[in-house]
Trainee: 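Below you'll find the structure I mean.
Keep in mind the model is a prediction, meaning the values are calculated, not measured.
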Amino acid sequence: MMNNLSGATEFCLLGFPGSQELHHTLFAIFFFFYSATLMGNTVIIVIVCVDKRLRSPMYFFLGHLSALEILVTTIIVPVMLWGLMLPGMQTISLAACVTQLFLYLAVGTTEFALLGAMAVDRYVAVCNPLRYNIIMNSHTCIWVVIVSWVFGFLSEIWPVYATFQFTFCKSNLLDHFFCERGQLLKLSCGDTLFTEFVLFLMAVVIIIGSLTPTIVSYTYIISTILKIPTASGRRKAFSTCASHFIFVVIGYGSCLFLFVKPKQTQAAEYNKIVSLFISVVTPFLNPFIFTLRNDKVKEALRDGMKRCCRLVKD
């Protein structure tokens, strides 16, 4: 992979502009977001594993989604925090840059595949409830998760390989807080137009391809909910899908802005803002989205806190 890389053996991440005082403020803000993200998503994983009321496909998928959120923020944020603490520019080796970009893209693709599977799960639950336990059995759920993870990691091997086949001889200064693909392509001396077009097509296939079952599923779900005669019945049916729907809108919306575009090398400031939303804000919101609107999760959290309090008192 690296036989062409005679121009750069490490990169300098420019990170965020501004004074050292601003950097310290940003460090405190992002550290809070990162800590809350780790805590909130870990709590979801734990309660899904230990509480018998949450032994269903929806919560099984939610546990994996929380694990993916922990991974995507951990791939990016610690490097960003380290850069905010340092007085000068932060350097990252070529191997670390390759690894970071691959893991970031692979985890993101896995999340898209899982969100599509969760949409189908909600479709079966709302539109075919009598056969839900037969269709979404444990064997099916395990295979769905395995396929999502394998697809996510295998599908990003070529895009990362293609990105690092270029010689980076213009500069080794990356105007970003992590090894972002668009900024890497800016440093290439070769013609990246064809590669950018292929990467654009792959992003379309992955994002739109995983979005299609979500759109189809929610079309049927909304149609079914509108046929329910009582308002309370409609609210109850929609409440089972509301959290997933909100997360889909936030997750896909931000990623469509970042990845599905013919030109990968757009303005760095725009890239930074959208990347922050994907790697910091969305993982932070995940526990709130899936707990504040879910009575079962709230009950499990309350019972868990009561047990913890009893253990502390004893």
Side-chain angles (χ1 to χ4, degrees), residues 8 10-44 65-108 111 168 171-187 246-247 249-259 261 264-289 292:
E10 67 176 19
F11 297 97
C12 295
L13 302 176
L14 298 183
F16 298 95
S19 64
Q20 197 65 29
E21 289 75 18
L22 175 62
H23 284 190
H24 290 158
T25 303
L26 291 175
F27 176 88
I29 293 170
F30 294 143
F31 182 77
F32 166 76
F33 272 86
Y34 182 55
S35 302
T37 298
L38 292 183
M39 188 180 302
N41 285 285
T42 301
V43 167
I44 287 180
L65 182 64
S66 294
L68 287 167
E69 295 290 16
I70 290 174
L71 286 174
V72 75
T73 194
T74 300
I75 291 164
I76 302 299
V77 176
V79 175
M80 181 175 66
L81 292 176
W82 184 248
L84 288 170
M85 281 200 305
L86 295 174
M89 284 187 297
Q90 181 186 11
T91 59
I92 183 169
S93 69
L94 181 62
C97 193
V98 173
T99 303
Q100 187 186 50
L101 180 61
F102 173 71
L103 290 176
Y104 176 69
L105 295 175
V107 169
E111 190 168 312
F168 304 109
S171 172
N172 71 335
L173 299 178
L174 272 177
D175 191 6
H176 216 291
F177 52 81
F178 78 105
C179 285
E180 197 272 331
R181 184 166 61 194
Q183 298 305 308
L184 282 166
L185 292 174
K186 274 187 176 181
L187 305 182
I246 293 169
F247 192 83
V249 171
I250 294 172
Y252 278 100
S254 55
C255 287
L256 283 169
F257 276 111
L258 187 61
F259 294 119
K261 56 191 184 302
Q264 295 283 325
T265 56
Q266 83 277 25
E269 297 308 314
Y270 171 90
N271 250 340
K272 289 178 187 178
I273 293 170
V274 182
S275 297
L276 274 175
F277 201 84
I278 294 170
S279 58
V280 178
V281 179
T282 304
F284 171 77
L285 292 176
N286 178 54
F288 299 102
I289 293 171
L292 295 179

Trainee: Which pair of non-hydrogen atoms, one from His23 and one from Gly18, has the smallest distance, and what is that distance?
Mentor: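 Distance-wise, the nearest heavy atoms are NE2-O, 3.8 Å.
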Trainee: Could you check whether any side-chain heavy atom of Ile289 comes within less than 4.5 Å of a side-chain heavy atom of Ile250, counting everything from C-beta outward?
Mentor: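 A side-chain contact exists here, since the closest heavy-atom pair is under 4.5 Å.
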Trainee: For the atom pair CG (Leu174) and CD (Gln90), what is the distance rounded to the nearest 0.5 Å?
Mentor: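 Going from the CG atom of Leu174 to the CD atom of Gln90 covers 11.0 Å.
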Trainee: Not counting sequence neighbours, which residues clear side-chain contact (heavy atoms from CB on, under 4.5 Å) with Ala36? List them please.
Mentor: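 Per chain and number, Ala36 pairs via side-chain contact (heavy atoms from CB on, under 4.5 Å) with Phe284.
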Trainee: Which value, rounded to the nearest 0.5 Å, describes the distance between Cys97 atom SG and Arg181 atom CZ?
Mentor: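 Those atoms lie 12.5 Å apart.
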Trainee: So do the side chains of Leu65 and Asn286 get within less than 4.5 Å of each other, counting heavy atoms only?
Mentor: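 They are in side-chain contact.
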Trainee: Atom CZ of Phe33 and atom CG of Leu81: how far apart are they, to the nearest 0.5 Å?
Mentor: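 Between Phe33 CZ and Leu81 CG, I get 12.5 Å after rounding to 0.5 Å.
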Trainee: Tell me, please, which residues at least two apart from Ile92 pass side-chain contact (heavy atoms from CB on, under 4.5 Å).
Mentor: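 Expected list: Phe11, Leu13, Ala96, Gln100, Cys179.
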Trainee: Taking only Lys NZ, Arg NE, NH1 and NH2, and the carboxylate oxygens of Asp or Glu, determine whether Lys186 and Asp175 approach each other closer than 4.0 Å.
Mentor: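 Salt bridge flag = no for Asp175 with Lys186.
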Trainee: Checking Phe178 now: which residues fulfil ring pair (Phe, Tyr, Trp, His ring centres under 6.0 Å) with it, not counting sequence neighbours?
Mentor: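 Scan of Phe178 (ring pair (Phe, Tyr, Trp, His ring centres under 6.0 Å), adjacent residues dropped) gives Tyr104, His176.
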Trainee: Nearest 0.5 Å, what's the CG-CD distance between Leu185 and Glu180?
Mentor: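 Taking CG in Leu185 and CD in Glu180, the distance rounds to 8.5 Å.
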Trainee: Is there a side-chain contact between Phe31 and Leu84 (heavy atoms, below 4.5 Å)?
Mentor: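 No. Closest side-chain heavy atoms not under 4.5 Å.
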Trainee: Please report the closest heavy-atom contact between Pro287 and Gly40, naming both atoms and the distance.
Mentor: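 In this case the closest contact between Pro287 and Gly40 is CG-C, 3.6 Å.
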Trainee: Side chains of Leu187 and Gln183: does their closest heavy-atom pair fall under 4.5 Å?
Mentor: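 No - every pair of side-chain heavy atoms lies 4.5 Å or more apart.
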Trainee: Under 3.5 Å, which donor-acceptor pairs do the side chains of residues 67-80 form with other protein atoms, sequence neighbours left out?
Mentor:
from  : atom 1 : to     : atom 2 : distance (Å)
Thr73 : OG1    : Ser279 : O      : 2.9
Thr74 : OG1    : Tyr34  : OH     : 3.2
Thr74 : OG1    : Ile70  : O      : 2.7

Trainee: Any non-hydrogen side-chain atom of Phe27 less than 4.5 Å from a side-chain atom of Phe16?
Mentor: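 Side chain of Phe27 against side chain of Phe16, heavy atoms only: no contact under 4.5 Å found.
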Trainee: For Leu173, give me all partners under side-chain contact (heavy atoms from CB on, under 4.5 Å), at least two apart in sequence or on another chain.
Mentor: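 Here the qualifying residues are Cys12, Leu14, Met89, Ser171.
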Trainee: How would you list, by chain and number, every residue that makes a ring pair (Phe, Tyr, Trp, His ring centres under 6.0 Å) with Phe277, sequence neighbours excluded?
Mentor: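 Ring pair (Phe, Tyr, Trp, His ring centres under 6.0 Å) list for Phe277, sorted by chain: empty.
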Trainee: Quick one, Thr282 and Phe247 - any side-chain contact, counting heavy atoms below 4.5 Å?
Mentor: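 Yes; the side chains approach each other to less than 4.5 Å.
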